[in-house]
Amino acid sequence: MLLIAQNHLQLIVEVGVMLFVSLVFCLNLIPLSLSVVTFLSLFLLGGFTLLFGADILFLVVSSSQAEFTHPFGPIALLGAVTALAALKVMKESGVDIRPLRRFVILFIACITVFGGLMHRSFLILWIIGLFFGYLIISKSFREKSVFTMKRILMFLGLAAAGFALLEVVARVTGMTIFSPLLRMGRIEQYSLSSIKTVLNNIQLIGHNANASYWGAEGTAFAEGYVTLPMQFVLFFGLPFPMFFGVLVNQKDTIDYMLPGIFGYGFDFGILGLAGLMVFVLGTVLVGLKILTMYREKREKNNKKYLGREVLLMGALAAFISQALIGMFAFNRSINGMALFTFLFLGALILANAVSLKSRS
């Protein structure tokens, strides 16, 4: 009975623990060689290229979309950075990577275009993730950073040009969903009132019950502002409060576009927000420490952990990017199905810290 979650927070913690345990066994029992991890990363890149491309096609043709970029964007980023890291290892070993590199660059370019057209938040996540990915890869191979001032300025210029192009496309086609200016206006219009609600009603644990959408009937803690996918909750028949789109359509509640630190702080209180920050910082520090250990083994010509090393690079880049966007830009980037992805990436990083000893 104690294992049955009593609220959203308990469910999130239990699912995170189950993911961690499952990935510990997967990493230790499944032989993750460099070739296997490279194949899986290419498979992910190809699959998400098709998925995101189909999503944007349906948006143009029938004005309907599934918005796969929110829940699966970080996983696509995991595949991209892992593939780039694998190519680097192959190049260091003297393998001709030019044919494979063309496919990786093509997939990355397509995902950038398709995902960027669908959601500007994904484009920001994608760009930040690739930046951290290149940074982690260059540090892991003790290379001089590829990011010079000239390249950074050029990169920022291209990003600005991309947003300007999206605005032009929105105005020419009349499809306001592409407009970055409209998105920024919506954030300003709706999120500011939500921030005031949070700051005026946040408590050490949970929030003021009078500020809750549920009012006196609510629990003032873990009420579903932050939750795992509703289908997941319904599948197990858990009697938790859920909004079913209220956060999108009724803007006098905590807006789903609100930065995650406010959404998590309101739903779980100051202690819950502190727990989120400890989890994020702890996971990143543990991942970087393990990555250093993997690098030392590689430099001693131990090739046993090459697959795990490049996979960890991809997971770190994706986790850091999703955490930054979710906590400081858009709550929905670490909420709902995206929260499940976030837990998966965190568990994948932490699982590298556990090595199961087998009896010989």
Side-chain angles (χ1 to χ4, degrees), residues 32 34-91 97-134 136-137 155 158-159 161-163 165-166 169-170 173 175 177-178 180 307 310-311 313-322 325 330 332-333 336-338 340-342 344-345 348:
L32 291 175
L34 180 63
S35 58
V36 170
V37 174
T38 304
F39 171 78
L40 291 175
S41 65
L42 291 174
F43 179 80
L44 283 176
L45 281 176
F48 284 119
T49 297
L50 295 176
L51 191 65
F52 293 170
D55 203 19
I56 198 68
L57 178 63
F58 286 128
L59 174 62
V60 174
V61 173
S62 60
S63 298
S64 64
Q65 75 279 354
E67 299 188 359
F68 293 118
T69 51
H70 286 308
F72 301 123
I75 302 298
L77 187 56
L78 164 68
V81 176
T82 299
L84 292 171
L87 291 178
K88 185 63 182 177
V89 174
M90 293 178 187
K91 186 178 180 180
I97 63 171
R98 286 175 296 180
L100 199 57
R101 183 178 177 83
R102 294 191 189 99
F103 278 106
V104 173
I105 297 301
L106 176 62
F107 287 146
I108 291 176
C110 290
I111 291 177
T112 303
V113 173
F114 297 150
L117 285 173
M118 181 58 66
H119 282 296
R120 268 55 64 200
S121 59
F122 167 80
L123 186 59
I124 300 172
L125 178 143
W126 185 251
I127 292 172
I128 291 176
L130 290 178
F131 171 81
F132 277 106
Y134 272 110
I136 291 171
I137 292 171
F155 180 78
L158 290 173
F163 277 88
L165 181 60
L166 283 173
V169 170
T173 61
M175 299 182 69
I177 192 172
F178 291 138
V310 298
L311 184 61
M313 291 183 196
L316 270 171
F319 182 81
I320 293 172
S321 181
Q322 188 179 9
I325 298 301
F330 305 102
R332 61 178 176 174
S333 293
M337 187 62 191
F340 187 85
T341 299
F342 189 59
F344 171 80
L345 291 172
L348 179 59

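Only heavy atoms go into these numbers, but all of them, side chains included; no hydrogens, no water, no symmetry mates. For reference, positions follow the sequence shown, starting with 1. The shown structure was predicted, so the numbers you read here are calculated from the model rather than taken from an experiment.
For the pair Thr69/Trp126, no side-chain contact is recorded, criterion being any heavy-atom separation below 4.5 Å from C-beta on. Looking only at side-chain heavy atoms (C-beta outward), Thr49 and Leu106 stay at 4.5 Å or farther from each other. Using a 4.5 Å heavy-atom threshold, the side chains of Thr82 and Leu40 count as separate. When side chains are defined from C-beta on, Leu130 counts as touching Ile108, because their heavy atoms get closer than 4.5 Å. Using a 4.5 Å cut-off on side-chain heavy atoms (C-beta onward), Ile137 and Val310 make no contact. In this structure the side chain of Phe48 reaches within 4.5 angstrom of the side chain of Ile75, judged on heavy atoms.
In terms of modelled atom types and a separation under 3.5 Å, the side chain of Gln322 and the main chain of Leu125 share no donor-acceptor contact.
Once rounded to the nearest 0.5 Å, the distance linking CD1 of Ile320 with CD1 of Ile325 reads 12.5 Å. A distance of 10.5 Å separates CZ in Phe131 from CD1 in Ile136, rounded to the nearest 0.5 Å. With values rounded to the nearest 0.5 angstrom, Leu32 atom CG is found 11.0 Å from Thr38 atom OG1. For the atom pair CZ (Phe68) and CG (Asp55), the distance works out to 5.5 Å, reported to the nearest 0.5 Å. With rounding to the nearest 0.5 Å, the separation of CD1 in Ile111 from CG in Leu51 is 9.5 Å. Phe340 CZ to Phe72 CZ: the interatomic distance, rounded to the nearest 0.5 Å, is 9.5 Å.
Using cut-offs of 30° and 60° on the angle between ring planes, the pair Phe52 and Phe122 is perpendicular.
The minimum heavy-atom distance linking Ala83 with Leu45 is given by the pair CB-CD1, 4.0 Å. Listed here is the closest heavy atom pair of Leu123 and Gly116: CB-CA, 4.0 Å. Across all their heavy atoms, Ala338 and Ser333 have their closest contact at CB-O, 3.4 Å. The minimum heavy-atom distance between Ala318 and Leu78, with the atom names listed, is CB-N, 3.9 Å. Residues Leu100 and Met90 approach most closely at CD2-SD, 4.2 Å, considering heavy atoms. The nearest pair of heavy atoms linking Pro71 to Thr341 is O-OG1, 2.6 Å.
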Checking side-chain contact (heavy atoms from CB on, under 4.5 Å) for the pair Leu84/Tyr134: CA distance, chi angles, key distance, verdict? CA-CA 8 Å; Leu84 292 171; Tyr134 272 110; 4.0 Å; yes

